[in-house]
Every structure is written in C-alpha cells, then in structure tokens.
Amino acid sequence: MRRRREWPILKSPGEIEAMKEAGRVSALALRQVGKAAKPGVSTWELDLLAEEVIRSEGGVPAFKGYGGFPGSICASVNEQIVHGIPSKGTVLKEGDILSVDTGAIVDGWVGDNAWTYAIGEIDDDRRRLLEVTEACMWAGIDAARVGGRLGDIGYAVQSLAESCGLGVVREYVGHGVGRDMHEPPNVPNYGRRRTGMELCAGMVIAIEPMINLGTHKTKAMPDGWLVCTRDGKPSAHFEKTIAITEDGPVLLTVEPERRRPL
Ligand code: MG
C-alpha cells in the first residue's frame, strides 16, 4: 500500500485468535494458486481458482472491489512488482516468476499474504532473488518483537537485501491488518535500528518485502494499479500477516498444519 502515518489498532488475544481463520483461508488460497501456477496457465484462471477456494471456505476475497480492484488476487510477473490485474492475456511461461498476493475476509477479519513462485525452471538470478526475498521476510518477522521498533523490521529486511546487492522498494510498504486490510502503521522495508514506532503486544501487521534484482526504483503503469521496476529487471514479493505478542511473533496467514515456531 502507499505510505500513511497513524496509530495502530491493537487487538486482544481473542481477536488475534479470531484472525487466524481469515489467515488460514488466505494461506490456503495462496498455496492452491501456487500449485496451479504452471506454464500455459493464465493469471485469470488463477484468479478464478483463488476466489473459488476463498468462498468455499466461507470467506470473501478481500481484494475484489477494494478501491475498484477487479481481481481476487494480484498477479505480478517478472519485472512487475505488485498489483498486477489478473488477465486472460497473461499466460505464464517457463522461466517466469509470479508474485501472487491473496487476501480473505472471514467473520469481518482480514488475512493478507503473498508468495513468489517459480514457473518451471528459472535462471540463477531469479532463484537467488526468490531465496533472498523470502529470507528478508523471515528476518523482518523475526524482528517484530515487543519492545523493538518499526525501524528494526525495516533494518532487518534492508540490510539483508542490500548485502546481497538487491534493491529494496521504497514506495510500497507493509501495513497494519485487522477489520480493514490496510490499517496503520506503515511497515517500511527499510529503516534504521531503534527508530520509529515502538512495537507492542496486540499489533497485527503484514510484513511484505518487495525486492528487485536491479534498481529499487519503480514505475507506476497507466492502468493505475500495476507497478513495475524502472529498469525492467525482475522483482519478488513475499508477505505474511503476523501478530506481535509477548511470546514473540505469531504467524496468522498460515494453515495450522504448516504453523512453525519462530
Ligand atoms: Mg499487504
């Protein structure tokens, strides 16, 4: 989302528990789309699949109609960073990377998550981009601890990405999640340690590094949604919604059988 500045809406332990269902449905839809993403498949077909999974689990696609967005997923291929509109004309091919972002609303709570998938065999640069961007997400999640600050999350992401020679997108950032998909605060993927808002128990945030193989600079496309890298090099995007608790970060957008301790 675009940058804003406000205060977080804290969630009680019971509310965090309730958010796990929206998280589960979001994660299930994402994984099903990932399994179906193969050469010859269009992003439009993947969009239909995501909507079917979300609705069959009792949810509503969070993205559909959000700000007028037409899809249930954002599907962004190669140099596309985020917010790609699913389309019959976008057919995946061997060697592509595909960022899929899915969100579900269940019982009024939102789950928001993303993953970048390899389509068939991909080259070494893309493989490394995916590995490092996923690692950046985990580093950011691991820094989301009570008593820390927002800048600790951004620092964790940025320092890892830049140590690998990759570009960190500045214009689009993570965000609070709750009854709205985009709540305060912004969660930048760059920053300095011990700066920014203090992290406290009950904050629920989406941590979503967008990392480019080349320059961090972006280019907004004429459809008003799609964002691409300025230099045309590939970009990756991984996202999870987490709750900050006294016991550490808790993953919300995860299927229970895949839940892992941090
Ligand atoms: Mg998000």
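These numbers come from the heavy atoms of this one structure, side chains and all, not from hydrogens, waters or symmetry mates. Ligands are counted one by one from 1 in listed order, and the atoms in each one are counted from 1 as well.
For H175, the N, O or S atom closest to the Mg ion (ligand 1) goes by the atom name NE2. Restricting E239 to its N/O/S atoms, the shortest distance to the Mg ion (ligand 1) is reached by OE2. Take the N/O/S atoms of D112: the one nearest the Mg ion (ligand 1) is OD2.
Between the T241 side chain and the T253 main chain, no donor and acceptor come within less than 3.5 Å of each other.
Every side chain to side chain contact (heavy atoms under 4.5 Å, CB included) that D231 has, sequence neighbours left out, goes to T215, T229, K233.
Among the atoms of E208, an N, O or S atom falls under 2.8 Å from the Mg ion (ligand 1). Taking 2.8 Å as the threshold, H182 does not count as a candidate ligand of the Mg ion (ligand 1), since none of its N, O or S atoms lies below it.
Aromatic ring centroids of Y66 and H182 lie under 6.0 Å apart.
Of the N and O atoms on the side chains of H237 and E208, at least one donor lies less than 3.5 Å from an acceptor on the other residue.
Between E57 and R24 a salt bridge is recorded (basic side-chain N to carboxylate O distance below 4.0 Å).
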